[in-house]
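It should be emphasised that the depicted structure is a prediction, and the values quoted were computed from it without experimental measurement. As the structure lists them, so they are numbered: ligands from 1, and atoms in each ligand from 1.
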Amino acid sequence: MKTTKDTTTAGHGGGDVRLTGISKTYGSFTAVHPLDLTVPEGSFFALLGASGCGKTTTLRMIAGLEEPTAGTVHLGDQDVTALPPYKRPVNTVFQSYALFPHLDIFENVAFGLRRRGIKSVKKQVDEMLELVQLGEQARKKPHQLSGGQQQRVAVARALINHPRVLLLDEPLGALDLKLRRQMQLELKRIQTEVGITFVHVTHDQEEAMTMADTVAVMNGGRVEQLGSPTDLYENPRTTFVANFLGTSNFIEAEVDSTSGDEVVLKAGGGKLVLPAARTSAPTTTGGKVLVGVRPEKISLTHADDAGEIPEGRNRITGRIADSSFIGVSTQFVVDSPVCSDFEVYVQNIDRDARLVPGAEVVLHWNPAHTFGLDAAQSLLAGTVGSAGVETAEEEVA
Ligand code: ATP
């Protein structure tokens with residue numbers, strides 16, 4: 001059975017993967033800064049980040065394929081830092097399946113058992129082929145299978161060795177989008193069934209969010225934030241995370257007052273409300289906050305109907321700059337005094353024919369959907385545009 005312990009508190013579980021102060025430098029370049037990370041036993045854990053952020057290096061240090069410059073790797077209570085890859089209870093599945101072309105599927109999967117001198121392999125291999133739903137294909141050669149099927153053989157071949165941890169290095173990278181989507185669900189099913197720890201490296205945020213119960217977002221050799229997909233999406237703590245997972249709109253604002261669970265902010269000439277629990281920025285009066293809101297949380301009302309907007313919603317005014325009908329929703333870009341390219345996704349249920357480029361609109365949303373980031377840090381990181389309080393000319397209604 002799968003366990004979903006909290007990675008931030010789990011620590012000494014029997015089969016946890018525990019990285020302590022692990023780092024990797026190449027000459028003067030640091031690929032992975034000292035990192036403490038616990039992957040709970042039985043979890044599906046994703047290392048997510050753009051190319052070059054250090055996720056593969058981290059995975060390879062767990063596998064033993066890369067020697068850490070400092071730090072330790074524990075599997076449960078065992079320190080495996082000095083062990084060569086083949087002595088670690090882990091297996092790795094790579095993007096290139098590396099199947100033996102001259103062996104059929106059955107023999108590819110049986111390979112690990114035969115190498116260990118095990119004679120009666122049939123039951124185990126049959127079970128493993130059932131698990132990856134390739135029982136019918138046992139006597140085919142790898143070239144007679146699709147890319148997705150070959151990748152499932154690679155997974156079966158790794159799992160038959162009963163590793164405590166399966167490492168997956170961009171395993172779906174070579175597949176087309178549709179097949180990749182199928183394989184994501186398939187891998188998740190397999191992981192749930194076998195219940196062993198999967199550590200998956202990917203640059204694809206949708207893939208990480210679909211499969212993993214915990215995602216570590218990496219940036220520049222560091223874990224920038226770690227949490228469940230929902231938590232990372234709803235409560236990003238940095239602009240990098242807010243933009244790497246989906247899209248976010250940002251407004252530069254200043255703390256006006258704090259009352260109870262709410263922080264009232266000044267932005268442009270108006271006020272916005274932010275739940276105090278949803279901000280990583282200081283909430284002292286005068287403090288700068290970067291207010292974030294996701295495009296799908298926002299409603300768009302034509303300015304003529306502004307009086308119908310319920311009380312208590314955050315609202316700003318703007319003008320539609322662009323709109324794209326994409327079937328399930330219409331994606332608007334709204335030019336507003338506090339953000340020049342506000343993105344708003346409106347589901348196509350009752351389309352308002354007046355919402356076309358040039359229309360004056362009010363954008364409004366439930367304050368509970370607002371998150372706050374430390375503006376000073378975000379500006380230092382160079383990830384915010386220049387639209388903001390100082391440049392605002394019109395009132396934020
Ligand atoms: P990708 O998705 O492109 O594989 P990644 O996030 O997995 O990226 P890593 O492969 O971990 O990134 O590499 C992290 C950084 O370390 C990169 O800038 C890379 O160029 C550098 N690097 C990796 N291996 C070496 C090496 N053997 N020598 C020097 N630099 C290296």
Min heavy-atom dist K55 to ligand 1 below 4.0 Å: yes
Short N or O distance, F29 and ligand 1, threshold 3.5 Å exclusive: no
I160: which of L131, V109, N91, N108 passes side-chain contact (heavy atoms from CB on, under 4.5 Å): V109
Any G49 heavy atom less than 4.0 Å to ligand 1: no
N or O pair under 3.5 Å between S51 and ligand 1: yes
Beyond-backbone contact of F45 with H200, side-chain heavy atoms, under 4.5 angstrom: no
Atom 9 (P) of ligand 1: the protein heavy-atom neighbour that sits closest, reported with distance to 0.1 Å: T57 OG1, 3.4 Å
Close approach of A50 to ligand 1, heavy atoms, under 4.0 angstrom: yes
For atom 14 (C) of ligand 1, closest protein heavy-atom neighbour: G52 O, 3.5 Å
Salt bridge (charged side-chain N to carboxylate O under 4.0 Å, His left out) evaluation trace for K188 with E193: CA-CA 9 Å; K188 185 150 182 71; E193 234 163 274; over 6 Å; no
Donor on one side chain, acceptor on other, T370 and N314, under 3.5 Å: yes
Same cluster (ILVMFWY, side-chain, under 4.5 Å), L113 and I105: yes
Those atoms of ligand 1 less than 4.0 Å from some heavy atom in C53: 5 (P), 6 (O), 12 (O)
Residue, atom name and distance, where the atom is the protein heavy atom closest to atom 10 (O) of ligand 1: T56 CB, 3.6 Å
Verdict with supporting geometry, F100 and F111, ring pair (Phe, Tyr, Trp, His ring centres under 6.0 Å): CA-CA 9 Å; F100 302 114; F111 183 80; 4.6 Å; yes
Criterion side-chain contact (heavy atoms from CB on, under 4.5 Å) against V17, the qualifying member of V165, V80, V90, L37: V165
Contact bool for atom 7 (O) of ligand 1 (protein heavy atom, d < 4.0 Å): yes
Shortest protein contact, atom 26 (C) of ligand 1 (heavy atom only): Y26 CE2, 3.3 Å
Pair T81, D79: side-chain N/O donor-acceptor within cut-off below 3.5 Å: yes
Ligand 1 to A31 polar contact by distance, N or O atoms, under 3.5 Å: no
